[in-house]
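My questions will all concern the structure given below.
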Amino acid sequence: MVVLYHAARHVKADMGFLPFGGITQFGHAGVDFFFVLSGFIIYFVHGADGGQSTRWAHYAERRFTRIYPLYWVVLAITLLMVWASPAKSTPELGFFLQSLTLLPHSGDPIVGVSWTLQHEMLFYLTFAVFILSLRWGVAVFVIWFFWILVHWFERVDFDGPVWLVRAASPFNMEFFFGMFAAYSVRKKWVSSPHLLFAMGLTFFFSFAIAENLGLVDGYASVARLSYGLSAMLVVMGIAGGATDQLQAKSLWVKLGSASYAIYLFHLIAIGVVYKGMTLIGLHKTLAPWGIFLTLSGAGILGSMLLSRWVEYPLMNLIRRAVSGFSKVKVRMV
């Protein structure tokens with residue numbers, strides 16, 4: 001959804017309108033699903049580690065090696081492209097160092113989509129407290145939950161440290177939706193998974209259609225509630241009804257394996273291919289839908305190649321070097 005959204009925005013920037021009647025306008029809601037899924041996965045995998053301080057190092061190693069190596073690769077590629085451009089707008093050293101950490105900071109991120117990872121880091125750090133101390137972790141999560149609610153429903157205009165401002169974002173509520181989904185699945189509360197899945201999908205795309213028609217604002221805070229809760233039902237339905245007979249098709253497994261690379265790298269791939277199209281004049285001969293499909297395919301295929309050739313080899317190399325994970329090899333399916 002995010003790839004299609006950005007590919008369509010490229011077409012609009014050049015031609016003044018979205019392809020296919022703007023059907024991909026709601027694609028930014030892939031971020032909402034991403035946050036819900038993150039909350040689900042982290043709690044589902046590490047929920048039992050709460051209060052088990054000896055598990056903190058394992059958790060930290062897994063999160064670091066999963067997120068940072070590929071991000072730093074994409075950051076380096078982005079900077080090389082900036083330095084090679086006529087503008088040569090090199091970021092200041094302090095801003096660059098802040099960008100390396102993915103911790104919340106002011107200003108537009110160097111890697112455009114990495115603003116979402118700043119939210120992820122807040123969630124990961126809070127969950128690390130939960131692993132170190134069950135009591136303190138629950139307390140921090142409760143405080144965070146009400147911090148979001150106060151700024152959401154009371155519409156408090158808070159002007160303070162950037163990490164507190166970022167922590168107040170309605171997007172963060174979707175981590176809680178995901179954790180609730182994981183807790184429900186673990187407790188076997190999901191008695192009608194197919195019904196939940198159908199309801200979630202119906203609600204999600206009903207709101208998406210309403211946004212495409214201009215009836216609702218998909219960027220407003222209420223959209224985080226609509227898309228987030230719908231995504232929660234979808235995740236609960238799929239995970240709650242998972243059996244040995246429920247197997248994803250090979251293509252979807254490959255896309256899932258490369259999803260992080262697709263998310264980080266697709267804008268670069270789209271930009272490079274679009275630049276190439278403009279140099280040879282292809283953007284003037286192709287129909288808007290042809291440009292859109294070409295850019296979308298480039299974003300997905302280019303990212304999948306990066307995932308296979310860089311992401312997984314690099315991740316395995318670092319895990320072996322840092323933590324002796326030689327027996328836990330992650331494979332690009």
Side-chain angles (χ1 to χ4, degrees), residues 1-15 18-20 22-31 33-34 37 66-89 91 99-100 102 108-118 120 250-315 330 332-333:
M1 286 191 290
V2 174
V3 172
L4 299 181
Y5 173 80
H6 283 139
R9 308 308 277 192
H10 264 73
V11 175
K12 183 179 180 179
D14 189 40
M15 301 188 174
L18 293 171
F20 298 110
I23 195 174
T24 61
Q25 165 57 35
F26 77 96
H28 62 86
V31 172
F33 198 97
F34 166 56
L37 191 60
R66 186 70 187 94
I67 298 298
Y68 281 100
L70 182 63
Y71 166 69
W72 286 337
V73 168
V74 174
L75 178 63
I77 294 173
T78 304
L79 287 173
L80 287 174
M81 293 178 65
V82 169
W83 290 330
S85 68
K88 288 184 172 57
S89 55
S99 299
L100 282 177
L102 280 176
D108 295 330
I110 298 173
V111 178
V113 297
S114 67
W115 68 269
T116 61
L117 297 179
Q118 295 181 32
E120 287 284 329
S250 176
L251 173 62
W252 298 112
V253 174
K254 293 182 189 302
L255 286 170
S257 297
S259 58
Y260 183 50
I262 293 173
Y263 189 67
L264 275 182
F265 189 68
H266 75 274
L267 273 176
I268 293 177
I270 286 174
V272 169
V273 170
Y274 190 70
K275 182 65 174 178
M277 292 173 68
T278 58
L279 289 176
I280 62 176
L282 189 59
H283 68 301
K284 294 182 178 179
T285 58
L286 272 182
W289 63 265
I291 298 174
F292 169 75
L293 293 178
T294 301
L295 296 179
S296 300
I300 294 172
L301 180 59
S303 301
M304 291 182 72
L305 293 175
L306 180 77
S307 180
R308 179 176 291 276
W309 293 341
V310 178
E311 178 184 13
Y312 282 87
L314 182 60
M315 187 195 310
V330 183
M332 170 63 179
V333 182

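Only heavy atoms go into these numbers, but all of them, side chains included; no hydrogens, no water, no symmetry mates.
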Practice item. With the side chain counted from C-beta on, respond yes when Val31 and Met1 share a heavy-atom pair under 4.5 Å apart, and no when they do not. Key: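 Result no, sub-4.5 Å side-chain heavy-atom pair not found.
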Point to revise | Spatial distance of atom CE (Met15) from atom NE2 (His10) [nearest 0.5 Å] | key: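 These two atoms lie 12.5 Å from each other.
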Check your understanding: Going from OG on Ser296 to CG on Leu301, what distance comes out if it is rounded to the nearest 0.5 angstrom?
Key ->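 It is 12.0 Å, given to the nearest 0.5 Å.
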Practice item. Heavy atoms only: give me the nearest Ser307-Ala258 pair and the separation to one decimal. Key: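 In terms of heavy atoms, the two residues are closest at OG-CA, 3.6 Å.
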Practice item. May I ask you to test the Leu79-Pro91 pair for a side-chain heavy-atom distance under 4.5 Å? Key: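 When only atoms from C-beta onward are counted, Pro91 and Leu79 do touch, with a gap below 4.5 Å.
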Review point. Which atoms form the tightest heavy-atom contact between Pro69 and Leu314, and what is the distance?
Key: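 The pair with the smallest heavy-atom distance is CB-CD2, 3.7 Å.
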Check your understanding: Any side-chain heavy atom of Met277 within less than 4.5 Å of one from Leu295?
Key ->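 Answer yes - side chains close enough.
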Check your understanding: Considering all heavy atoms of both residues, which atom of Leu102 and which atom of Ser114 are nearest to each other, and what is their separation?
Key ->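 Residues Leu102 and Ser114, closest heavy atoms: CD2-CB, 4.1 Å.
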Practice item. Could you tell me which non-hydrogen atom of Leu100 sits nearest to which non-hydrogen atom of Tyr71, and how far apart they are? Key: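 Scanning both residues, the minimum pair turns out to be O-CE2, 4.0 Å.
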Practice item. Hey, could you give me the OH/CG distance between Tyr312 and Leu306, rounded to the nearest 0.5 Å? Key: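 Tyr312 OH to Leu306 CG: 11.5 Å, rounded to 0.5 Å.
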Point to revise | Nearest non-hydrogen partners of Leu4 and Thr24, listed with the distance | key: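 The answer is O-OG1, 3.8 Å.
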If you look only at distance, which donor and acceptor atoms sit under 3.5 Å apart when one is on a side chain in residues 280-289 and the other is two or more places apart or in another chain?
residue: Thr285; atom: OG1; partner: Leu282; partner atom: O; Å: 3.1

Review point. Quick one: OH on Tyr68 to CG on Leu75, what's the gap to the nearest 0.5 Å?
Key: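 Taking OH in Tyr68 and CG in Leu75, the distance rounds to 11.5 Å.
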Practice item. Could you tell me whether the side chain of Met81 reaches within less than 4.5 Å of the side chain of Val272, counting heavy atoms only? Key: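 Counting from C-beta outward, Val272 and Met81 do come under 4.5 Å.
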Review point. For the atom pair CG (Asp14) and CD1 (Ile291), what is the distance rounded to the nearest 0.5 Å?
Key: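 The CG atom of Asp14 sits 6.5 Å away from the CD1 atom of Ile291.
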For residues 260-268, dump all side-chain donor-acceptor pairs below 3.5 Å to protein atoms at least two apart in sequence or in another chain.
residue: Tyr260; atom: OH; partner: Ile67; partner atom: O; Å: 2.8
residue: Tyr263; atom: OH; partner: Thr116; partner atom: OG1; Å: 3.0
residue: His266; atom: ND1; partner: Ile262; partner atom: O; Å: 2.8
residue: His266; atom: ND1; partner: Tyr263; partner atom: O; Å: 3.1
residue: His266; atom: NE2; partner: His6; partner atom: ND1; Å: 2.7

Review point. How close do Arg308 and Pro313 get, heavy atom to heavy atom, and via which atoms?
Key: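 Shortest heavy-atom contact: O-CD, 3.3 Å.
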Practice item. Applying side-chain contact (heavy atoms from CB on, under 4.5 Å), run through Glu311 and Arg66 and close with a yes or a no. Key: CA-CA 9 Å; Glu311 178 184 13; Arg66 186 70 187 94; 2.6 Å; yes
